[in-house]
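Below: one structure, written as structure tokens.
All residue numbers in this chain count up from 1 along the given sequence. The structure displayed is predicted, hence computed values, not measured ones.
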Amino acid sequence: MLILAGAGDTSMRYYGEALKKGVKIDLIIDNDPALKGVQFFNHTIHSPEIIKDFKNKENAKVVLTALKGYEKFKHQLISLGIQKKNIERILPEPVKFPFHSGTTINHITGFVKSFNDDGANCMLGYGTLLGLVREGKILPHDDDVDIWVKDDTLDMFTDEFINKHIGTKLSSPVFWRKRVLYLPDNRHCKFSGIAMKSISYFFTDGSRLKVDFFLLCKEYPYFYTTTGRADLYRLPINLINSTSIIRANNCDHVVPSDYDSLLTTIYGDWRSPVLPDPDGKYRNHANRIADPNDSFDN
């Protein structure tokens with residue numbers, strides 16, 4: 001029996017490599033209560049306590065990928081009957097998951113339309129909007145999808161709501177994880193709740209579809225949002241209030257009506273492609289507030 005202990009990025013990479021080599025993984029375990037019962041590709045994640053009921057535990061082999069709490073996890077496994085010599089540690093390394101090639105801009109627009117049809121108020125944002133308008137596709141250097149969610153409707157984007165409109169439409173099996181972010185403390189916007197929700201779907205071919213939902217927090221005359229706990233961005237409300245249809249890639253796409261001014265507010269000369277930073281990210285947003293507690297004019 002081969003057990004994979006841990007359900008982080010390193011485990012996902014190991015799982016994909018094992019499949020390619022024809023190695024059979026029998027069990028996935030993790031100590032995070034939030035992951036218990038979650039689908040991990042072809043498996044369900046279990047608590048390590050499940051090992052108690054196994055027979056012939058002395059022959060079971062464990063690949064342990066945990067970075068934090070490694071020693072504690074190892075001793076836990078030994079206490080459950082796993083032989084110390086049968087525990088192999090895989091040290092985490094930076095993992096770059098390529099964008100899922102099976103997902104196109106038409107799929108992304110379809111997700112957004114489905115959300116809106118079900119009562120949410122959202123639209124393509126940032127690089128995803130730029131790719132659609134300028135090139136009619138997802139940008140080649142992009143590794144995620146950006147969706148703006150207006151006002152307080154991010155509350156609608158529960159796990160069930162997101163999976164209804166995205167997860168059930170993806171090729172299975174997949175494993176997915178989420179994270180949430182709040183607006184930084186700032187003098188410009190009173191909103192203090194969840195301002196960003198990020199969902200990542202992982203596929204057995206080693207790719208990922210990461211979808212970032214940004215709540216546009218209204219404090220007239222701007223919407224405020226974040227891409228990180230210390231980042232604050234502003235977008236003029238009047239540039240996002242109305243939408244129109246553009247035709248691209250044989251599909252109709254709903255976009256902010258004044259997308260030209262909106263993209264200029266964010267990127268400056270957005271019609272001229274530029275290369276990303278060495279890590280693949282674009283950070284030169286003209287609408288970023290360097291100090292969330294400073295004046296716009298400083």
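Here Tyr222 and Tyr233 keep their ring centres 6.0 angstrom or further from each other. Here the two rings, on Phe111 and His165, have centers that are 6.0 Å apart or farther. Between Phe161 and Phe115, the ring centre distance stays below 6.0 Å. Checked against the 6.0 Å centroid threshold, Phe191 and Tyr224 do not count as a close aromatic pair. The six-membered or imidazole ring of Tyr201 lies away from that of His100, with a centre-to-centre distance of 6.0 Å or more.
Counting all heavy atoms, side chain and backbone alike, Ile28 lies closest to His43 at CG1-CB, 3.7 Å. Cys189 approaches Leu183 most closely through the heavy-atom pair SG-CD1, 4.0 Å. For the pair Leu154 and Val149, the tightest heavy-atom approach, listed with the atom from each and the gap, is N-CG1, 3.7 Å. In plain terms, the two heavy atoms of Glu135 and Leu139 that are nearest each other are OE2-CD2, 3.5 Å. The shortest heavy-atom contact between Phe73 and Ala5 is CZ-CB, 3.9 Å. Closest non-hydrogen pair, Pro256 versus Leu262, comes out as CG-CD2, 3.7 Å.
A side-chain contact (heavy atoms from CB on, under 4.5 Å) with Ile29 holds for exactly one of Ile45, Leu35, Leu77, Leu4; it is Leu77.
Between Glu219 and Lys190 there is a salt bridge, since at least one side-chain N of the basic residue sits less than 4.0 Å from a carboxylate O of the acidic one. Asp118 has a carboxylate O that lies under 4.0 Å from a charged side-chain N of Lys164, or vice versa, which qualifies the two as a salt bridge. Looking at Asp143 and Lys96, a side-chain N of the basic residue comes within less than 4.0 Å of a carboxylate O on the acidic one, giving a salt bridge. Salt bridge absent: Arg13 and Asp9 never bring a charged side-chain N and a carboxylate O closer than 4.0 Å. Between Glu17 and Lys20 there is no salt bridge, since none of the side-chain N atoms of the basic residue sits less than 4.0 Å from a carboxylate O of the acidic one. Look at Asp269 and Arg271 and you find no salt bridge, because none of the NZ, NE, NH1 or NH2 atoms lies under 4.0 Å from a carboxylate O. Salt bridge present: Lys178 and Asp159 bring a charged side-chain N and a carboxylate O closer than 4.0 Å.
Considering only residues two or more places apart in sequence or on other chains, Lys137 meets the salt bridge (Lys or Arg N to Asp or Glu O under 4.0 Å) condition with none of them.
Proximity of a side-chain donor or acceptor of Asp291 to a complementary backbone N or O of Asn293 within less than 3.5 Å is detected. In this structure, His107 contributes its side chain and Thr104 its backbone to a donor-acceptor pair below 3.5 Å. Judged by distance alone, with hydrogens and angles left aside, the side-chain atoms of Asn249 form no donor-acceptor pair with the main-chain N or O of Cys251 at under 3.5 Å. Counting only distance, with no hydrogens or angles, the side chain of Asp30 and the backbone of Ala7 share a donor-acceptor pair below 3.5 Å. In terms of modelled atom types and a separation under 3.5 Å, the side chain of Asn121 and the main chain of Lys150 share no donor-acceptor contact. Checking side-chain atoms of Asn186 against main-chain N and O of Pro184 turns up a donor-acceptor pair under 3.5 Å. At distances below 3.5 Å, not a single donor-acceptor pair connects side-chain atoms of Ser114 with backbone N or O atoms of Gly110. Side chain of Asp258 to backbone of Leu239: no donor-acceptor contact under 3.5 angstrom is found. No donor-acceptor distance shorter than 3.5 angstrom exists from the side chain of Tyr15 to the backbone of Thr10, with no hydrogens or angles considered. At least one donor-acceptor pair closer than 3.5 Å links the side chain of Asn116 to the backbone N or O of Val112.
Other residues, nucleotides and ligands contribute only 12 or fewer heavy atoms inside 6.0 Å of the NZ atom of Lys36. More than 12 heavy-atom neighbours from other residues, nucleotides or ligands sit within 6.0 angstrom of CG on Asn59. The number of heavy-atom neighbours closer than 6.0 Å to NZ of Lys61, taken from other residues, nucleotides and ligands shown, is 12 or below.
In the hydrophobic cluster analysis, where Ile, Leu, Val, Met, Phe, Trp and Tyr join through side-chain heavy atoms closer than 4.5 angstrom, Phe41 is grouped apart from Ile3. Linking ILVMFWY residues whenever their side-chain heavy atoms come closer than 4.5 Å, directly or via other members, leaves Val63 and Ile82 in distinct clusters. Linking ILVMFWY side-chain heavy atoms closer than 4.5 Å, directly or via other members, places Val254 and Val211 in two distinct hydrophobic clusters. Neither Ile87 nor Leu2 shares a network with the other; the hydrophobic side chains, linked directly or stepwise wherever heavy atoms of I, L, V, M, F, W or Y lie under 4.5 Å apart, form separate groups for each. No continuous path of ILVMFWY side-chain contacts below 4.5 Å connects Ile90 to Ile78, so the two sit in separate hydrophobic clusters.
With values rounded to the nearest 0.5 angstrom, Phe99 atom CZ is found 14.5 Å from His141 atom NE2. In this structure, the separation between CZ on Arg134 and CH2 on Trp270 is 8.0 Å, given to the nearest 0.5 Å. Here the straight-line distance linking atom CD1 of Ile51 with atom CE of Met1 works out to 9.0 Å at 0.5 Å rounding. Atom NZ of Lys210 is separated from atom OG of Ser198 by 3.5 Å, given to the nearest 0.5 angstrom. Atoms CZ and NZ, from Phe214 and Lys197 in turn, are 14.0 Å apart once rounded to the nearest 0.5 Å. Rounded to the nearest 0.5 angstrom, Leu124 CG and Leu130 CG are separated by 11.5 Å.
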Chi angles and distances behind the side chain to side chain donor-acceptor pair (under 3.5 Å) call for Gln76, Asn31: CA-CA 10 Å; Gln76 178 187 17; Asn31 274 313; 2.7 Å; yes

Pair Thr243-Ser257, side chain to side chain donor-acceptor pair (under 3.5 Å): steps then yes or no: CA-CA 4 Å; Thr243 59; Ser257 296; 5.5 Å; no

Criterion side chain to side chain donor-acceptor pair (under 3.5 Å) on Ser207 and Asp205, from CA distance to verdict: CA-CA 6 Å; Ser207 65; Asp205 64 359; 2.6 Å; yes

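The aromatic rings of Phe213 and Phe157 sit tilted, their planes meeting at an angle between 30° and 60°. Using cut-offs of 30° and 60° on the angle between ring planes, the pair Trp148 and Tyr126 is perpendicular.
Contact of the Arg208 side chain with the Phe203 side chain is not registered, since no non-hydrogen atoms from C-beta on lie closer than 4.5 Å.
A cation-pi arrangement is absent between Arg234 and Phe223, since the terminal nitrogen or guanidinium carbon is not both under 6.0 Å from the aromatic centre and inside a 45° cone about the axis.
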